[in-house]
Novice: 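Dropping a structure here in structure tokens format, bear with me for questions.
Sequence lines set the chain letters: A, B, ... in the order given, protein chains first and strands last, and positions in each chain run from 1.
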Number of protein chains: 2
Amino acid sequence: MVSSKDVARAAGVSQATVSRVLNNPESVRPVKRNKVLEAIQQLNYEPNLIARSLVTNNTRTIAFISGSMRNNFFIDTMDSIINLAKDRGYRTMIFFDGNESLKDIWSTVKGHMVDGVILSLVSMDDPVLEDIMNSGIPHMFLSRRPRFGGNYIEIDNRLAGELIASHVVELGHRRIALLSGELQYSTFLGRKEGIDKVMAEAGLPLEAGLVHYINTATLSEIEKVVWKMMQFNEPPTAIICTSDAMAIACMDVLLGMGLSIPGDVSISGIDDSKLAAHQSFQLTTVGHKIFEIGEIAVENLLEMIGHKEIDKKRQIVLRPELMIRRTTARHVE
Amino acid sequence: MVSSKDVARAAGVSQATVSRVLNNPESVRPVKRNKVLEAIQQLNYEPNLIARSLVTNNTRTIAFISGSMRNNFFIDTMDSIINLAKDRGYRTMIFFDGNESLKDIWSTVKGHMVDGVILSLVSMDDPVLEDIMNSGIPHMFLSRRPRFGGNYIEIDNRLAGELIASHVVELGHRRIALLSGELQYSTFLGRKEGIDKVMAEAGLPLEAGLVHYINTATLSEIEKVVWKMMQFNEPPTAIICTSDAMAIACMDVLLGMGLSIPGDVSISGIDDSKLAAHQSFQLTTVGHKIFEIGEIAVENLLEMIGHKEIDKKRQIVLRPELMIRRTTARHVE
DNA sequence: ACCATTTTTGAATACGTATTCAAAATAATT
DNA sequence: AATTATTTTGAATACGTATTCAAAAATGGT
């Protein structure tokens, strides 16, 4: 691999001068500068960003710890994060949970000396959160956040739950099922609280057999669970899913069983991912423009990286809206 | 940031010993080893992977130059690539085209000193391909490949085109439209050739007004184009799209116009992305297990990185299968 | 207890870059 | 032309790690 030393030799200057041509071209006289530029062309030289990072102590890279691409929420946020970061001159490294713990991912992220991190996949009480918040590495939690503290952006999950539950209740449904994510995640806890509140007020507390907690990383239980529920003497007439991804998986199962949506059963999600709006789904859901969530996360992160208002607490809660589409309908006996 | 020197000082050993504990623990006596491990714990030390890469000259990172996440083909391949690479101990950096040229992306990739690259987004005659193939950096082209040479994995695109066109023709369609990707990409060229062949043999050469070349990065023209075609006196009764992503976007437009699929018009894709199989789409398409494509690319790349059969030409062509689902139907006058 | 081997250790160095500091070259002023 | 101020340059160094090489320590055999 050709290095700046090779360029220096070819151009008859010192390595320092080559470095200057790269980082501060005006500081070197045109004659030499051109010689260097020629040599760079000639040798097809590309600066070693690794070595550069070592000395500058910044990588112009941010990390995004994301959930699986099987979930369109993460696709949408990832897309907006990568694109905005790129516009701002930053590269994004993507990390998935897989089966490693957050602790292991965090080790790797720290090792990569990224300038900042966006985390989308933390449970509320993970012991490593303390480390993360004290690490001095700028961070934004996106959607899922610690129980206490941290910089985060999320939608008002409680409200989201209330909006969707009210909608379903108002449509006259009484046997309502809930497919929830695991409650160690702030997102799903908040959503469920909102739903519980509305259901209680409506005098329709959720029945045990109709509430299921799904592993949102794999969604693997959904098929079995939905299939089973629909075999009941009185199957649910509506299934509230606390994410679009679950709703879409759920629809796949129901349609596969030959049921019609919303004829036989109403389905709803939460997130308002891009896919939910597709004419083939027209999923009723609640959310806030997803791309905006990702962008706000990046904007704030870059502010912190740039030391702007460094100690301002960044805890942003967006107000979600109900998107009534075509997977929910009035219940008729 | 705490370095191995700090650990060394705390443990009362040399920095070299700390390094050894990390990379070859058996080579240091248990007494010292434990002291070092304690100090590591104590100081919450994390090795600087950047610095490590600089000296080892490998990053245990591969790059994936991908198309936009708006296209499910790339989501599926990305997912399988990242996961398999992770299992093998490699991290994946994702690069998108955005509006930079492949040349610029390639510069960045080279700067990051990745151990290998998977490219999914090259046109056949891009001048930078020469550089890439001569760079000495192990590479695999995935799906899209150079006109000549290179290591690649793809499906038999010509056959894919033939299969889908035959299917549509056999269903009795005569006014058939084609939504093709741009022909500078091997993928779309091959697919169109297969389609053209079948259409010619059937005595149904494609009419000018019914063939459109779509910018597959944005898909932005699709709405206008489809809308326009459907206003014709004799609109097409089938639209062949040369990617699932186009087909799904196309369906969105048609359904939005109030048309029924396949009642009013048959739609087909190519790729067989996961999403195409969803009950809400049931898209007729042709392809080969996508996850396998990604995995084969990774396997081969890692072989090259590990210098196994280093100079073996890796040009793999998979045989696609026709997946008849529910978006195509017999044409009745 | 002695020497010969083998194992463990630390000092020094390399990786490729940016940056500091002092020297050299140029420009500005008299 | 001589002096001073300014700009441009190169040598040296630092970043944090892995590795080489020689010295030191431990082990084995007698």
Novice: Hey, can you pull the residues of residues 42-56 of chain A with a non-hydrogen atom under 4.0 angstrom from DNA chain D?
Specialist: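 Close to the strand are Leu54(A), Val55(A).
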
Novice: Need to verify one output field. Residue with the more 5' nearest nucleotide on DNA chain D, Arg20(B) or Val2(B)?
Specialist: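 Counting from the 5' end, the first nearest nucleotide belongs to Val2(B).
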
Novice: Between Gln15(B) (CD) and dT8(C) (C1'), how many Å, whole number?
Specialist: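 So the CD-C1' distance, Gln15(B) to dT8(C), works out to 16 Å.
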
Novice: In terms of heavy-atom contacts, does NZ of Lys313(B) have more than 12 from other residues, nucleotides or ligands at under 6.0 Å?
Specialist: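 Atom NZ in Lys313(B) is packed in, count exceeds 12.
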
Novice: So what does Val13(A) hit on the nucleic acid, given a heavy-atom distance under 4.0 Å: a base, only sugar-phosphate, or nothing?
Specialist: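 Here Val13(A) touches the backbone only, sparing every base.
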
Novice: Nearest whole angstrom, please: distance from the P of dT17(C) to the CZ of Arg9(A).
Specialist: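 Arg9(A) atom CZ is separated from dT17(C) atom P by 12 Å.
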
Novice: Using only side-chain N and O atoms of Thr17(B), determine if any of them is under 4.0 Å from OP1 or OP2 of dG10(C).
Specialist: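 Checking Thr17(B) against dG10(C): at least one side-chain N or O falls below 4.0 Å of OP1 or OP2.
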
Novice: Reading DNA chain C from 5' onward, which residue's closest nucleotide shows up sooner: Met1(A) or Ala16(A)?
Specialist: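 It is Met1(A), whose closest nucleotide lies nearer the 5' terminus.
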
Novice: To the nearest 0.5 Å, what is the distance between CG on Leu37(B) and CG on Leu22(B)?
Specialist: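 Taking CG in Leu37(B) and CG in Leu22(B), the distance rounds to 8.5 Å.
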
Novice: Check every strand shown and say whether Ser19(A) touches a base, only sugar-phosphate, or nothing at a heavy-atom separation below 4.0 Å.
Specialist: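 Base contact.
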
Novice: Taking atom NZ of Lys35(B) as the centre, report whether more than 12 heavy atoms of other residues, nucleotides or ligands fall under 6.0 Å from it.
Specialist: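 No.
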
Novice: Heavy atoms only: give me the nearest Arg145(A)-Arg147(A) pair and the separation to one decimal.
Specialist: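 So the two residues come closest at NH1-O, 3.7 Å.
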
Novice: When you measure from the side chain of Asp6(B) to the backbone N and O of Ser3(B), does any donor-acceptor pair fall under 3.5 Å?
Specialist: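 Side chain of Asp6(B) to backbone of Ser3(B): a pair is present.
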
Novice: Using whole Å, what does the distance between atom P of nucleotide dC15(D) and atom CG of Asn58(A) come to?
Specialist: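 Computing the Asn58(A):CG to dC15(D):P distance gives 16 Å.
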
Novice: Starting at atom CG of Asn23(B), determine the distance to atom C1' of dT19(D), rounded to an integer number of angstrom.
Specialist: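 So the two atoms are 10 Å apart, to the nearest Å.
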
Novice: Rounded to the nearest Å, what distance is computed from the CG atom of residue Asn24(A) to the P atom of nucleotide dT20(C)?
Specialist: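 Going from Asn24(A) (CG) to dT20(C) (P), I get 12 Å.
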
Novice: Could you state the CG-P distance from Asn57(A) to dG16(D), rounded to the nearest angstrom?
Specialist: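 After rounding, the reported distance stands at 7 Å.
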
Novice: Can you check nucleotides 23-26 of chain C for protein contacts, nitrogen or oxygen pairs under 3.5 Å, and list what you find?
Specialist:
none

Novice: So with a 6.0 Å cut-off around NZ of Lys312(B), is the heavy-atom count from everything else above 12?
Specialist: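 Count over threshold, so yes.
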
Novice: Check whether any side-chain N or O of Asp79(B) sits under 3.5 Å from a backbone N or O of Ile75(B) as a donor-acceptor pair, and report yes or no.
Specialist: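 No; zero donor-acceptor contacts below 3.5 Å.
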
Novice: Within a reach of under 6.0 Å around CD of Glu182(A), are more than 12 heavy atoms found that belong to other residues, nucleotides or ligands?
Specialist: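 Yes, enclosed.
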
Novice: Taking OP1 and OP2 of dG16(D), is either one under 4.0 Å from a side-chain nitrogen or oxygen of Ser3(B)?
Specialist: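 For Ser3(B), the contact criterion (side-chain N or O under 4.0 Å from OP1 or OP2 of dG16(D)) is not met.
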
Novice: Taking Arg60(B)'s backbone N and O only, do any of them form a donor-acceptor pair with Asp115(B)'s side chain (distance below 3.5 Å, no angle check)?
Specialist: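 At least one qualifying donor-acceptor pair exists.
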
Novice: Looking only at side-chain N and O atoms, does Ser4(B) come under 4.0 Å of OP1 or OP2 in dG16(D)?
Specialist: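 No.
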
Novice: Just wondering, are more than 12 heavy atoms of other shown residues or ligands nearer than 6.0 Å to CD in Gln315(B)?
Specialist: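 Counting other residues, nucleotides and ligands, CD of Gln315(B) exceeds 12 neighbours.
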
Novice: Please give, in whole Å, the distance from dT8(D) P to Lys32(A) NZ?
Specialist: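 It works out to 12 Å between those atoms.
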
Novice: Within this structure, what is the NZ-to-P distance between Lys110(B) and dT17(C), rounded to whole angstrom?
Specialist: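 Roughly 12 Å, once rounded to whole Å.
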
